[in-house]
K.L.:
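Before anything else, here's the structure in question.
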Amino acid sequence: MAHSPDPAAPVLLFDSGVGGLSVLAELRKVLPEAPVIYAADLAGLPYGEKSEAEIAARVCGLLGRLSERYQPRLICIACNTASTIALAMVRDVLEVPIVGTVPAIKPAAEMTRTGVIGLLGTAATIRQPYVDRLEVEFAKGKTLLRHAAPELVGAAEAKLRGEPVDSAVFMRAAEGLRRQPGAERIDTVVLACTHFPLVKDELAQAFGPQVHFIDGAAGIARRIAALTAGQQFTRPDPDCALLTGKDTALADALAPAFGKFGISRILML
Ligand code: DGL
């Protein structure tokens, strides 16, 4: 018989910042009763500007500590940057099931009519061999144009802190794709960073109505639901966020946004 976890064992969602909340929103739709711990490595944000070695070390170290302390039933690395670099490593060292987040190139290739797909991610994500492999496997015969848009990470963080964001940031992200040869035929853009769906409306304004966006959040939520099918869930305490960095002013600024995603307690790591 399959091992049944403690009904109060949480699903642990992990990201460098608030990006994983875009995955949590989808998870709530399919598993509203699942207790969740949301861990954000705000002290390490942005991952996208770091080296592969640094990201791998941070992610493995943190997830090791968190899984010992909180005994999650499943960990979701709700971050494309961390997943494309460290997913295999984390799976090697932890016993708990790990769900990763990878750029939604496969569904984008099925969706495009023009055959030209844009991909927005962090600098670290777009240079990963993992992305090359997805392109070769799923986007054969299509054109995939990549652009690193690190500014969008800061924009999503600022938006969730309740701060205004200059629309020029979104125009620059769109321009980064549009200036590439063949870009006038882009009809589908992969949001290959979990922060980006949080600013999808702003991106839609910048790209215009001919472009559709796709991200992996709903698929990840379905995968978590499949891996926990048949398990019992209870939520003895309200869901909480764990933040690295000990910045209480930042935690206060983010509290209303976390509240909207059903997270009413914020703890410092
Ligand atoms: N949310 C992360 C991702 O999906 C990246 C943000 C960062 O640069 O830390 O790639």
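The model shown is predicted, which means the values in this text are computed figures rather than measured ones. Whatever order the structure lists them in is the order used to number ligands and atoms, beginning at 1.
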K.L.:
Can you name the atoms of ligand 1, numbered from 1 with element, that are less than 4.0 Å from a heavy atom of Asp15?
P.N.:
1 (N), 2 (C)
K.L.:
Output yes when a side-chain donor or acceptor of Asp15 lies under 3.5 Å from a complementary backbone atom of Ala40, and no otherwise.
P.N.:
no
K.L.:
For Gly17, is the nearest heavy atom under 4.0 Å from an atom of ligand 1?
P.N.:
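Contact absent.
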K.L.:
Tell me which protein heavy atom sits closest to atom 7 (C) of ligand 1, plus the residue, atom name and distance to 0.1 Å.
P.N.:
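Heavy-atom neighbour on the protein nearest atom 7 (C) of ligand 1: Tyr47 N, 3.3 Å.
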K.L.:
Among all protein heavy atoms, pick out the one at the shortest distance from atom 10 (O) of ligand 1; state its residue, atom name and that distance to 0.1 Å.
P.N.:
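Answer, as residue, atom name and distance: Thr81 OG1, 2.6 Å.
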K.L.:
Can a donor-acceptor pair be found between the side chains of Asp41 and Ser16 at a distance below 3.5 Å?
P.N.:
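Asp41 vs Ser16: no donor-acceptor pair found between side chains.
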K.L.:
When you measure from atom 1 (N) of ligand 1 to every protein heavy atom, which one gives the shortest distance, and what is it?
P.N.:
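I find the closest protein heavy atom is His195 ND1, 2.8 Å.
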K.L.:
Can you sort out which atoms of ligand 1 are near Gly48, meaning under 4.0 Å from one of its heavy atoms?
P.N.:
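Those atoms are 7 (C), 8 (O), 9 (O).
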K.L.:
Show the atoms of ligand 1 that are less than 4.0 angstrom away from any heavy atom in Thr122.
P.N.:
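Heavy-atom distances to Thr122 below 4.0 Å select 5 (C), 8 (O), 10 (O).
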K.L.:
What atoms in ligand 1 come closer than 4.0 Å to a heavy atom of Ser16?
P.N.:
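Numbered from 1, ligand 1 contributes 5 (C), 6 (C), 7 (C), 9 (O).
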K.L.:
Could you tell me whether a side-chain N or O of Arg146 sits under 3.5 Å from a main-chain N or O of Ile126, the two making a donor and an acceptor?
P.N.:
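Here the side-chain-to-backbone pair exists.
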K.L.:
With distance as the sole test, does Arg178 use its side chain to make a donor-acceptor pair with the main-chain N or O of Ala183 at under 3.5 Å?
P.N.:
no
K.L.:
Ligand 1 versus Val153, non-hydrogen atoms closer than 4.0 Å: side chain, backbone, both, neither?
P.N.:
side chain
K.L.:
Measure up the Phe14 and Tyr47 rings against each other and bin them: parallel (under 30°), tilted (30 to 60°), perpendicular (over 60°).
P.N.:
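Judged by the thresholds at 30° and 60°, the geometry between Phe14 and Tyr47 is tilted.
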K.L.:
Does Ser67 reach the side chain of Ile75, with side-chain heavy atoms less than 4.5 Å apart?
P.N.:
yes
K.L.:
Side-chain heavy atoms under 4.5 angstrom apart, residues restricted to Ile, Leu, Val, Met, Phe, Trp, Tyr: same cluster for Val131 and Val189?
P.N.:
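No.
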K.L.:
Under 6.0 Å between the ring centres of Phe207 and Phe213?
P.N.:
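Close enough - the centres of the two rings lie under 6.0 Å apart.
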K.L.:
Output yes when the distance from some N or O of ligand 1 to some N or O of Glu49 is under 3.5 Å, and no in every other case.
P.N.:
no
K.L.:
For Cys193, take its heavy atoms, then give the atoms of ligand 1 lying under 4.0 Å from any of them.
P.N.:
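Listed by number with element, the hits are 1 (N), 2 (C), 3 (C), 4 (O), 5 (C), 10 (O).
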K.L.:
Against heavy atoms of Leu45, which atoms of ligand 1 measure under 4.0 Å?
P.N.:
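Close to Leu45: 9 (O).
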K.L.:
Considering only the protein, which heavy-atom contact is closest to atom 2 (C) of ligand 1, and what is its distance?
P.N.:
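Checking every protein heavy atom, the shortest distance to atom 2 (C) of ligand 1 gives Cys79 SG, 3.2 Å.
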K.L.:
Looking at side-chain heavy atoms only, is the closest gap between Glu49 and Pro150 below 4.5 Å?
P.N.:
yes
